[in-house]
Structures are given as C-alpha cells and as structure tokens.
Amino acid sequence: MIAAMAGGLGLAACGEQKQDRHTLVIGMTQYPATLNPNIESMLAKTYVLAMTRRPFTHHDTDWNLVCALCETLPTLENGLAVRETLANGKQGVAVTYTIKQGATWGDGTPVTTKDVLFTYEVGKHPASGVADGELYRRILRIGVKDARTFTLHLDRLTFDYNAINSFQVLPAHIDRANFKDPKEYRKRTAYDSDSTNPGLYFGPYRITEKKIGSRIVLERNPTWWGKKPYFKKIVVRIIEKTAALEANLLSGSINYIAGELGLLLDQGIAFEKRHGKDFDIQFKPSLVYEHIDLNLENPFLKDRRVRTALILALDREELSSRLFDRRQPVADSFVHPLDWIHSKATPRYRYDPARAGRLLDAAGWAKRDSKGFRVNAKGRRLTFELMTTAGSRTRELVQQILQSQWRKAGIDIRIRNEPARVYFGETVTKRKFKAMAMFAWLSAPESVPRLTLHSSQITTAANNWSGQNYTSYKNPEVDKLLDAIEIELDRPKRRVLWARLQKLYARDLPVLPLFFRADPFIIPKWLKGIRPTGHQDPTTLWVEHWRAERP
Amino acid sequence: MNAAHHAMTKPAMGARTVWSLFFHRLGAHRLAVGSAVFLAVLGVLAFATPAIEAVLGVDANLVDLSRRFQGPSRAHLLGTDELGRDLLVRLLYGGQVSLFVGIVAALASAVTGTVVGLLAGYYGGRLDAFLMRLTDGVIALPLLPLLIVLAALDLTKLGLPESVVQDPNISLYRIIVIISLVGWTTVARLVRAAALSVREMDYVLAATAAGAGGLRIMAVHILPNVISPIIVASTLSVGNVILLESVLSFLGLGIQPPIASWGNMLTGAQELIWSSPELAFYPGMLIFVTVIAFNFLGDGLQDAMDPRAIEG
Amino acid sequence: MTRYVMGRLVESVIVLVIMSFVIYALIGLMPGDPIDLMIKSDPRLTPADAARLRAVYGLDKPLAERYLHWAMAALSGDFGHSRLYVQPVLDVMPGFLLNTFNLMGLTFVISIVIAVPVGVYAALRQHSAGDYAINLACFAGISVPIFWLALMLIIVFAVLIPVLPASGVSSVGGGGFLDRARHLVLPVVTLTIFSIGSYTRFMRASTIEVMRQDYIRTAFAKGASRNRVVVRHALRNALLPVVTIIALSFGTLFSGALITETMFAYPGMGKLIYDSIMGNDFNMALVALLFATLVTLLANLAADLAYAWLDPRISYSGGGGTPR
Amino acid sequence: MSAAVSQGTAPLLEVRDLVKHFAIGGQGLFARSLGRVHALNGVSFAIGPGETLALVGESGCGKTTTARVIARLYRPDSGSVLFKGTDLAMLKGRKLKSARRALQMVFQDPYGSLNPRLPVSAIIGEPLVIHRLGTATERHHRVETMMVQVGLNPRDADHYPHQFSGGQRQRIAIARALVLEPELIIADEPLSALDVSIQSQILNLLKDIQEDRGLAFLFITHDLAVVDYFADRVAVMYLGHIVEIAPRAALFSTPRHPYSLALIDAIPVPGGGKRRLGTATAGDVPNPASPPSGCPFHPRCARATEVCRETMPALAGVPNQAEHQVACHHPLEDGALEGGAGPATGAPRQ
Amino acid sequence: MSSASQAPHGDLGPVLTVRDLEVTFPTARGPLRAVGGISYSIDPGRTLGVVGESGCGKSVSALAVLGLVPPPGQVTGGTIALGTLEVTAMDEGALPAIRGERVSMIFQEPMTALNPVLSVGQQIAEAWALHRAGTAADAREAALTMLERVRIPNPVERYANYPHQMSGGMRQRAMIAMALACGPELLIADEPTTALDVTIQAQIIELMMEMQAEFGMAIQFISHNLGVVSEIADDVMVMYAGHIVEMASTEQIFSNPRHPYTKALMETVPRLGARATRLPTIAGTVPDLLDLPPGCPFSDRCPLADEGCRQAAPTLDDLGGGHLAACFKSQEDGP
C-alpha cells in the first residue's frame, strides 16, 4: 500500500500536466447519450452540440427569439411569414427561412435545403425514433425556393409560429445512407457511429474525440462562418459526483464547471464564500420551476381550502433566503418573474399560518391528536405522502424543511423517495403518488403549459400514460385559455390571457409552486464571455465569444 | 507435539466451564473487549437518545433555518447541521438506525443462512446440491436491479396493511429485508461446511444410532456445534451491513430522510465537504469506528471460540 | 481433467442461460421504461409520440416474447443496441471492459503482491507488535466507507497536494502509458486499501493454520531453514484456501467497483452496469450483467482449477484419493 | 453361504450377505460418480444372545462399515440384518427407531463421540428422551444410576465432556449405550484412542457389564490380544470379506487362513525379544476401490496359486470343526503357528 | 549420571547425551514442566526405546534434541549434546545444519508429516540437497537410491507420487528414506508405527532394523506400545509425567521391571494366550502436570506408595547392572 502510494507520487512528479492556454476543460455531471440532435433531448447533449451546430432559432440571453442558422427571423410583420387558409378551412401559416450565408458542414459541403428536406423526412417518419414529433406533424409540407431558402407550411397559426428551435438540420450527404431503413436509423446515425466525422458539424467547433462515458473533445471547425473562437480546443469531461467535480476544479484538472450541469446551488454559495476571489460566480435564475404536483384525486387534497392552507403554512421566503441565499426566487405560478408574460396580479401566498389554520378548521380539520397533528371528525389524521427523487440532496433538504413547516400547522408529512428511474418512470407518470410529488419543469420563455394543465393531458392507461397533467386538474376555463393563448398573436391580448391563466392557476392550486431554480456558474476570473441564459438554451450557443484573459 | 499440547491444555481446562473459558479467552483479546465496551456504550447511548434529547432540550427533527451550520455551543454540543438540527442528537439517532439495521439484518441473514446451511449440510445429496446452487445463484445475482425492483414494489399489493406501508420507517424495513434476502449466503456456506464435518462426528452417529430424528440431530447436536462460525460471521456482517447501508445511501437507495442514518448523513455531507467538513467527519468516523469495532469483536470471538481451544 | 472442465463449462453455460432470463426478467420487471424517461426530459412529447416510440423500441410486447426475441438475436451474435450510447452493445463494452481490466487487474495484482507477504509476515510473528499493526491496518481498510476514502484521497492528493489527477482515465491529448498510469493511481489505491485487508487476513489465518501442520515440523526436522520452510513448504499450502477466496472475490471486484468508478469518474464496468440500469438501457444492462456473471462463473472455475493445480490431492479425473 | 451360529440357539443378530459400496467423486449437479469402493462384499455372521463376537481386521477391511450397517447408520446395498427376527435393513422411521432400541453403539474416539455442548447428564439421558421413556425425574435418576454403574461420580452430571479424561469419557459413552438396556452392543474400537493404562480399566468395565447383564457384543478391533481376552468367537475380515470365523481358542491355536496367521504373527510381544527379520507379511493392503481378482489376499499370500488369483474362495467349515469356517483354497494345517511355515515372506506381487 | 548403553564401544562416545533436560510451557495457570529434568544417552548403533503414556514428555524431549519444541514451549534447563557438539548452546540459525544431517526424525502420522503438495521424491531429494552439494539431478539420484533402499518398488514411478497416492506403509517408508537421506548418526522415531496396521507395523519395524544394520545409526524409538519397543530396542527408558522412572536394557526391563509403574504397565496390557478373568489395572489417571503430587509423581496411583513417597521424589539410581529406577521401593527391595 505504502509502496503503491510512493509509486504514485513518483508518477506524479514526472508527468505534471502542462497548462495550455488555448484549451478549455469544462466539467459537467452528465454524459450525453446520443449525439444525434433530433433523437432524445437531453441537456448534456444540447450543451455539447450547441458548440458544434446551431438551431434555426433559439432564445437569447434576454429571452427573445433570435435567428441562429437563418438570416432573418420570419415574422408576419416582415412578410416572411404569411397566413394561409388550409384545405380544411383552418388558419395556417407559411414561414420562410433562409439558411445563413456561409453555413458549411465541417467537410466543406454547404448546408442546403436538401439537408432541410432530409431532416423533415427523418423527423416525420414514425419509425425514425425522433423524439419531438409535434413540430414535424405541424409542418404540412416544405417548399424549397433555392439551395438556401425554404418555406414551412404549418397547420395552424400559433403565437410562436416562427420558433423552430427543435428543427435541427441533419447532414443529408452523410446520414441519408443511414436512413435507408428508417427503423435502424437511430442505431446507425453517423452522429453516434461516426461521431468525429467533421461533416456532421457546422458550428464553431467540431467533435474530434469521444470517450464514451468519460469525455468529449472539440476542436475549432475551419468551416465556421462566424467569429473565430478563442479556444483551440474544448474538452468536456464528465464527472458525476459534484464533490469530485469541485475537487477537480480546485486541482486544476478542469477549468470551469458548466452551470447548467454542475454544482448544486448551496455548493455554489459555499464555494463563493471560500473561493470568491479566484472565481467569478454567477447565479442565474432559470426557467426550472420547482413545484409539488398535488394528486387532486386524493380525498383530502380535493378540498381547495386544504390546498390553500398547505401553501399558506409554508414560509417559502424563509426557505429561499436561508437555504439559497435568496438566489432562488419564490414562485407564484409556473411563470418566471422575468418572463414578460408574468402577471403581477397573480395572487401571492405569503406565509400566513393563522389563515392556514382557519382554512383547515373550516375544512373540518380543527381537532388535534396527541402528537399535535390535525384530525377530522372521523379521527383520521391530516397526513400526506411527499415524494421526490431519492438521492437528490437539495430536494431532500427542501422536503425536510417543508415537513417541518407543515408540522407546525398540524399537517403530517410522510416522506417517501424513489430512484429517478422509478419515480419518473412509474410513480409520477402513472400518477401513483398518493398526495404530493415534488419535481421541476424546465421550459423555454413563454411556453404554453398545455401538457401539464389541459384536461386532455391527464395521464391514463388509455392514452398510454402520455401527457403531463399528473394532478388530474380539470378546469374548462383553463382548457379554453390554453387553446386561446396558443393562437393569439397579439402580445397585449395574450398578456391578458396569460394573466387570467396565472390567476386561475394560483387560485386553484393544482400544484404548489415553490421557486425557480438558480444555477451557479463558477467561472475562473480569466475566463470571459460566458453569459448564463436562464432558460433551456445553453450558454454554449455563444461559445465563440468565450475567451481567456490570463495575466 | 500432540502429546505436549494435550498435557498443556487438558488439565488447564479442568475446572472451567465452556463459558468461563470463553470469556477468559475473549478477555485476553484486548481490542475485542474494548470494542465490545465501545459498542455497548454506543448501543446504550443510541437507544437512550429520546432521553438525551429531552435532557439537552433539543429536537432531532426540528428544522431551524436560522441556526444552520452552527459550531459547537452549549445548546448544541456538536453544533448544528445544514438544516439547523442538533448534530449530536442526529448522530445518536443515526446510530440507533444504523445499529438497528445492522443487527436486525445480520440476525435475519443468520437465521436464513443457518436453516439453509443446516439442511444442505445435514441431508446432503440432491437437497444440498439444490440449495448450494441456489446460494451460488443468489451470490451471482445482480444486486442493483434487485434493489431497484424492491425499492419500487408496491407494498400494498403484497397484502401489507396501509398502516405498515405508510410507516415512516418503511425505508428502514425495506433495507433490512433487502439485505436479509441477499446476505444469508455467507452464513449458509459456513454452516453447511461446519455441518458437513459435524455430521461425521461420532456423537452425531451415536445419536442416530440411538434413534434420534433429523430435526433433533440438527437442533441438539449440529446447531450448537456450528454456532461459533455463525456468531462470528454475524458479528462481522453487522459491520458489513452498516457499510452497505452507507453505500446504498450513496446510490440514493438507502434510508430516506428525515430519518437519520450514518450512511445518509455521510452521503448528504459529502457535497458539503469543503464548507462543513465536520458534517462528514462525524458520521464517517462513527461508521468507521463502529465497523472496525464489530470486526475486532468478531475477530476476538473467533479466537475465543476456536473449537481447537475448546476441544483441547 | 478435460472431462471435468468440459462438464463444468456445460454447467456454467446452463447457469448463464438461466441467469440471462433472471436478469432479463428483473430488468423487465423494473417499473418504467425508456420512453417514460424520454417524456420526462422532453415535455413536448405527445401520447402519440410515446406510443410510436414504444413500438420503435419494441417495448410494446410482453416480456417473454421480448426475451425470446433477444435470445434468438443474441444466439446469432446480435446482442442489441445500447440505448444510452447508441451503439451496438458489443462496441460499447470493450472500452469499459479495458478500463475495468486495467483498474481491477492492477488492484488485484498489487493487493495480492502485498497481501501475501504481509499476511505471512503477520502469521509468523503472531501476537507481535507488527502483527498487531498489520491487523489494525487490515481492519481499518475493511471498515472505511469506500466513497469516503475516495473523496479523502482526492482531497489530499489532488487538491491539497496536487500531485495526481483527481479523476478520469487519461488527460486530454495525453493518453500515453505514463498518463494513464497516473490516472490509475488513486482509484487503484482506493480499491487496494479496500480489498487488501481481507486478503491479508485470509493469508494470515491460512498461514497460521499451515504452520501448525506436521509437515512443517518435518521440514524443520530435515534441516530446512525458516525461510525455506515458509517459502517452499508453507506458502503453497497456505495459498490453497486463499486462492479460492481471491478467485471468488474477483467476480465481485469486477462488478463491485461502482463506487470507486463513480467517485473517480472512471468509466468502467461497474458504472456501465449502474448507468444502464438507471438509464433503462435494457440491452446494455443485460449484456454487461451477463458478462459479469460469466466472469464470476469463470472465476469460480478458475478457482477450482487453481486449487487442483496447487493441490495434487484434488483430482478431477477420478480414481484418486481413497476414502479411509 | 450361511452363518454359523454358536450353541445352536436362535441368534440375536444374524447378518446375511451384506453388500455395501460407496461412490467416489461425483460432485455437482451433472457430475457422475467416478468409481465405487467395495466396502462390504457379502458379509454374513450371527451373534447369539450374550455372546461376544470380535470382528478383526486392518484398516479399510470393512469392519467399521459392517458395524454401521448393522446399526443402520448406513443402508446396505443388499443383504439383510436380522435383529431379533426383524430385518433392520428394510425398516424406516418409527419402526426402525423402536426396532433398534435394543442395539446400541460405543465408538472409538471418546473425544468425538460426545457432544461437547451438552452436559454429561444430557448425553447419557438422550436415548431416553429420544425414546420418550420416563419422566424427567425418572430419567435423571436413571442417569445417576448409570453413572455409578460405569464408575463415574453422579455429582459430575452437570459437567461437560471436556472436563473429563479420556477414560472417563469412554465410560460416559458406555453409560449412554447402556441406558436403554440393550441386548447387543456394537463397540467399534472402544480402546484404541485410550492411554495404555486406561485401556485395561475400560476393558474390565466392558467385561463386568457383559457378565452382569448377559449382553451380546459385536466387538470391533484390530488388536488380537484384546480379542483373545474378551471374545467368544472371532471373525477375521479382509477387504470386505470375512475370511475366517471361529471360536476364540480355535482361531488362536489353529488359525486356518494365512491372513489370520499373519495377523497373529505380527503382534509384537512385550519381552519377546527382538523381532526376527523376514517374518513380516509382505505387501500392502490393496486399495478397496480396485480390489485384486480372486481371493483378495492372494497378492500377499505365500501359498497363493493360480486358483487364488481367479476364484474367490467360499467360507466353508473346516472338517470336523463345524464352528470353524475359513475362506481359503489352501487353508493352513494344524501347527502352522509353531512351524513358522506361515505366509511370511511372499514377495510383493504388484 | 549414567548411560543406558550396555555395549562398550571403545573410545567412541555416545551419539546423544542429554543432561538434566527440562522443557517448560508457559500456561495461564503457571509454567508447565513437560519434561522435568531427564538425563540419558545413546551409543552409536544402539536403539533406545522410550515408553510412556500420552503427556509423559517422551515426544517433547525428542523434539528438544532437534531444537523443535513447539512454541511457546522452551528448553529451560539442561544440555543436549550430539557427540561433542552441544546443541543447547547453539545459535538458532545454526540448527538447520544439524537437523537431517546428524540427527533425523520420523513421526507418527506419515500422511500429515509429508507435505501434501510436493511429490515424495521431491521431499526426499530436498532432504539430501539441504546438506549435500550437488545438482538437482544428483539430488534426484540420491532420492531414487533412498527409495530403493527402503524397499519401495518402482522407485522411478514412486518418485513422482504425492503422499496421498501412497499407502500408509509406503508413506512411512518414504519418511524413513527422507530421514536417512544424509546418513544421520541418530534417528528419532516418534511412534512411527502407531498409525499403521499390525502387518505393516511389523514391516516397518523390520525395515528400521535393516536400515540400522545398513547405516549404523543410533535410534531413539518412542512408543506407548511395550510390544513394539521390546521388538526393536536394545535399551528401554520408561517415562512418566515428565520424568524417567526406569531405564535398563530391554531384557532387564521385561524380565525384571523394578519400578511399580513399569510393572503395572506390563501387567495391564492384555497378552495373547494369557487370558485372565480380569486385567490388573492402574488406578486413577495420568496426573495433571500443573498439579503434580509433591513427592514421587506416581505416588497417587502406586499401590506401594507410602508417606515417604508422597513427600520426596526419588532419584533415578542404578540398582546394579546398569538398571536404573526412580523408586524408593525398588531400592529397598532389591532384585
């Protein structure tokens, strides 16, 4: 053992790593499974791919929709989007995009409408394994004007008609051969079988090395049309355990921890206290909405007074300030305060134990048992099972705080957590949680919560457990609002609808809003140009602006 | 050498009973005695935690966000944890849980293993072959999927009453059941091997010749003579279970909060290792010291129960 | 002998087939399927998408049918595609296997190389201060939670005294022998500390037992020096039981390094198995687990053969020993 | 082959054509057995009430197997064990239990034959418990009586076996065998693990018991001197066969089988002077897994001829001595013992 | 001090001279004297039989000659000399040079005394190679010769046999071959025939006698069996509770035992053709070495013992004609 250690030190002495100022090593906690941009969406993949390619549209750091691969964002105003009436009489829209001048695959082949058509072909094929079928179903057909310009004919006119963030163009010249048998495509796609093929990428970087489960190496892509990136090489290393991640950062074997997939907030806060002078630490509030889904079929939770009392009995401000240093804003609804659709008129539930008590008294939970918990007339205790993913430390902490706060109000909380695989794979999806399920949604700015709130999205065996309305929330007015918001193009009018929706949501409380998560970005002082977005589009969409300013 | 050995030990044993000899030999193993004392103190402390809690005037589960990460003080002798709870009392409760899980799971494994081992060792033949292949199978069984499946089982479907399923300690019982389901193989093998040799002893033949049935022979003649390896293995396995619980916690499959166990306290503190190392230090040390104590105790028991020493 | 080995191999194959179904069923019985997870990570998926994807992944059929389908394909050499790594499982595994082989092989060799002499030393000086210290160290190694040990080693040797890489298999652009070796140091030390204690204890106990045997006295009586007695007469006999234990532990070592691999971000088999189970990568998990089972079975066989090789009394060809 | 019974009375125990083989090897579910050890090859004899038959032979000859088959610790492959008219070989369960109540065993090793975890009272009283005889008090009383009878102090009833010396332990084992008041005791080498000075004590005890109770003994030993002292009749076994069976005096005065003579010849006599070189019987006892053809003793026998190599001789009465039977093609004549014409110097034939 | 040897061997001194040898084992209840100060010697070519029951110290004293008293036992007094070489004064590291070379030992249980994982031939060759310079082939040659000399048929085949592949008699022959490989002056045989069948026992006794004739070594033959000792020994030494109680030539001992223990021992053993109704017995059991009676160790069991025997231990004295006994009564009575 001692010998082994000595040997180790010997090795250490002779092979110390040299610091290369043109190499950036990023650490993150998740390995991207597939690299095919259209199969499965996964944050780790999005993060890496954003360095190697660009979507047609995405949201910028101010949460506005911008063009990345297209020349101009088509709008009804600028005439690139045109209303059209469909054969069935419904309102559709034709949106025209032009591929950016100079967009060229890494092997020199230009990105053309051929690729667009191929992507559409793949996307709409039922057997291809593409995850997001919705967008491709909405595209009725694609009109090609020339090698760079094409028009999407969409089956309805929604307010976000021009956002095609998930239309990720695929290289027809490489991957078409792999699509001969659509069923096999997801296994054969060059992104996974030949990941380092330069022809797959057209962004500032291309992938030159992939070590499964361990790291991905990117190098500058010579065919990139935009600003020349500063770093010659970027290495993304996968280190799952955040404690180890931190150790790696401190030991210098990684330079930067991706905020999107990095440390937990409290680790970040603690890190700032100790290493604030060496690192620039940013806490960006994000569109990750932490909440508790309530099972509205639970007899106790059916009563809105109980639900209201539940949230009134929580001191979320205290929780946020103590646990998260006020970095995570308390949520009043699913809408982030920074989102333009956020309505100030939404009812806000401040900590009000007295009112909570009155509500519970009124709901028939006036009596207390020997342990101080409320009981109803039948002597049954007011008790709920609170579930979340096991092993997720922050959530477990929050859980315990909630439990403790609710206890003061006489509400008994039983905690039962499950591994993510079981929790999301079964319990939540199939609505098997008895009362409360805590988890988060990650969304884009102004995204319509149809899947989570519309009564048609209640998951049942009949609909194959799809949809995401796990609370079994049914409100005809909400259904109507969701339908209306989608097709309302006028922002002020839409704002009114949004406000109403938020109000209903906050009143009905199918979900207990907790807060919006903030990700700590731990950036060494010399690393400049990283601007956290706060939504689902990653910072790496601006990777060409990253640079080192070493003394 | 035999003669000398004989002359040396036989008279020395003369007046002593098996137990006094056993304690005498155990007493000579100072580390084992120290470990036993340590474990006894720990056990008493852990199971007297509610009283200690009352005396100190703290509440193990009371979250107080205004008192997070406090250093030792008169109110909190070891300070507070990340949720402002008293660290000392939580450690004691954690000890209660870890010891309980360790001891109960080890006992349950020992019982299963003993039954399997006795049957296989005494009856031999096809039953033995079957039970041993079963044992091999369980050893080769991938633990992880099993753990996940068990963690996901809907216990109400197994006919368990709601009150049990709703029990806040259910994660604890799950762990015990899971560990017992897979942990019996060592004891089974040991007992089988011991039973195989004891089965050939003349006193077993004598009992058979006197007309004793299989049950009686196993209970009266074989079991008491294979009890030493069972006790030793079980003592050692208490330590292993405590370690295993911490590993399960590490994987998120362990005992769920707010119940404290050393395993989940250590796992939770891991991410705070840089800012509050003491949160990881205490449970880590306690696991380490407790497991090592069980190992020493097991080692001491093994020496003290060495059949060579008793038989003379 | 050959017949015995053949028989054992046939037995192993049968066990393997049974295990393949058990594992398949276990994974299949676990709640949730990949599509559920996909839905979770992409809120825009619709019911239709889910149904379509289930069909694409073949998850809409009953378990037994899926197993048969898999087994037939496996027999023709197609072990399926990894869902997580989007490559044939047989292409994914070698990399992990090689890493595990390096990690485990090294740990294994170092542990034995240290444990054997140390165990013998302790046995020969039973109850001495050295024996005492060795025992203490062994128990310490056995008793420390391994993830804790890993973290401590990282903190000490990668952060406080930054002499070794904290994680990974090789550095970027590196990957030379020295570089890989450096990356192996901490995980190997961790696993070695963890496994060496029990090996040493076994070796010690075994040696003590052997040194009490009559033939040791015979060896002394014919004038062999102490060293010669230990090396030529005691060692081989003492190794006998230890070989079995070590070979058996090889199987667990193989799949049991999950914690170490996780802590050191070292992509090995333990982690592959864990991730594929957690990530619902059916084919991957199945093949990796089966492989681990196979290794365990082979280790078992190897243990028996090693035993036979070391101990002439064991003869698998029959006609050997005479019962009394 | 039929067993000769002394005195012409109905035998207490009659063993007929016992055959017992043991499989060697064969572990695992799919392994086949690799061979068989022929432990008993048609063993027949009888013991009358109150009679002592000594079974003599060297290790591996099957004498212990014979004992265990009779006590039904092993089930014979074929043959019968008629004990008081009941065939024990065929019985099972409760019937077997009650049938063998009158048949008890004493084992060789007094250290291994007593359960170290039970006090002496429990050891001696166990057969009573098994057969549900008497109340606890009665049993206790009975145990004390037995202890006195075998020369133990009843005050030691709570002690454990390890607190007794070897001789005392063998007394405990004898008490256990006697507690059910059996009619036949099978004593398997009851002396060989004891110190020389203790052997005589135990031998006397056995003899006293036999005389007091009129017990029959099957006395298994390799020590012919003890046989001469204790037995009424002697059966000599070699490699699973009984090669000679005769009244004690006849066997020692006029052994008929060359092997019997070899055994008698090999006994060292204290004060008999130095051993004469070249008188020892050559060769090893063959491996029972691969016994020689024909007469099992032929490779070591100086008198062996072609017929011995081919045919196993049957056990047959010596002319004019019905009780003296020998299985030999070339039995010794009278006076072989003195003549020294014995089997002595046969060269090893292997 | 006197010698058990009867035959004068001219100027050759004894092969082995043991004086006041004392071997002690520390125990929890105090030191246990397994050998309580014994003196004897063996002349070249002679065989000394050592008789006694278990625990009398006969094996331990023999092991002491090779410096192999099992720990924690220690030689706590007296001297052992091989010829003129004082073994007890030698360095631990020098002892291996003597073992196997000048004095060899064979044991009761040849199965356990042989290393199970080495072939018999290898083990014999090793015994030779440890003390003789030569190549591996030389050692093999020497081993084959030895196998032949101990009358093992097919030595070349047997060379490669492992102990478990041999019968008990063959194993003991191999042990003897190993012990005699370097032609020692003294062979210590510790119950070498006890584990063997009677016909094989006779063979081994014959073999040892033949070997003695061939090699001319002295033999210290330990046995609890008076018959065996009587067949092989020139002189006999009877031990009881760590002490020598009687020592004389074989003929003297068996024809005229002087110590009550020796007498009793001979009478209690059943003899062929000497059928009696009851065997004489020795009362009581072998004494606890930690709790010996104050006087003569045998006084508890001795029918002749009186107050004097219980108070003082008798010394081993010559009763005339080299017949030694440690008994007050034998001195009184005379032959």
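In the text below, chain A, chain B and the rest are named by the order of the sequence lines, each starting its count at 1.
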Do B:M201 and D:D109 come close enough that some side-chain heavy atom pair is under 4.5 Å? no

Give me the atom names and distance for the closest heavy-atom approach of D:E126 to B:A207. OE1-CB, 4.0 Å

Which answer fits D:R176, side chain, backbone, both or neither, if we ask what part of it has an atom under 4.5 Å from a heavy atom of chain B? side chain

Heavy atoms from other residues, nucleotides or ligands near NE2 of D:H131 exceed 12 (cutoff 6.0 Å): yes

Between D:P116 and B:N225, what is the shortest heavy-atom contact and its length? CG-OD1, 3.1 Å

Using only atom types and a distance under 3.5 Å, with no angle test, would you say the side chain of D:N115 pairs donor to acceptor with the backbone of B:V220? yes

Going by the rule ring pair (Phe, Tyr, Trp, His ring centres under 6.0 Å), which residues pair with D:F83 if we only count those two or more places apart in sequence or in a different chain? none

Name the option with the most non-hydrogen atom pairs under 4.5 Å to chain B; the candidates are D:R101, D:Q108, D:K97. D:K97

Considering all heavy atoms of both residues, which atom of B:A209 and which atom of D:L73 are nearest to each other, and what is their separation? N-CD2, 3.7 Å

Relative to chain B, which segment of D:V106 carries a heavy atom at a distance below 4.5 Å: side chain, backbone, both, or neither? neither

How close do B:A206 and D:S113 get, heavy atom to heavy atom, and via which atoms? CB-O, 4.5 Å

Nearest-0.5 Å distance, CG of residue B:L205 to CE of residue D:M105: 7.5 Å

Can you tell me how far the OG1 atom of B:T208 sits from the OH atom of D:Y74, to the nearest 0.5 Å? 10.5 Å

Let me know if D:I123 has heavy atoms under 4.5 Å from chain B in its side chain, its backbone, both or neither. neither

Please name all residues satisfying side chain to side chain donor-acceptor pair (under 3.5 Å) with D:Q199, sequence neighbours left out, ordered by chain then number. none

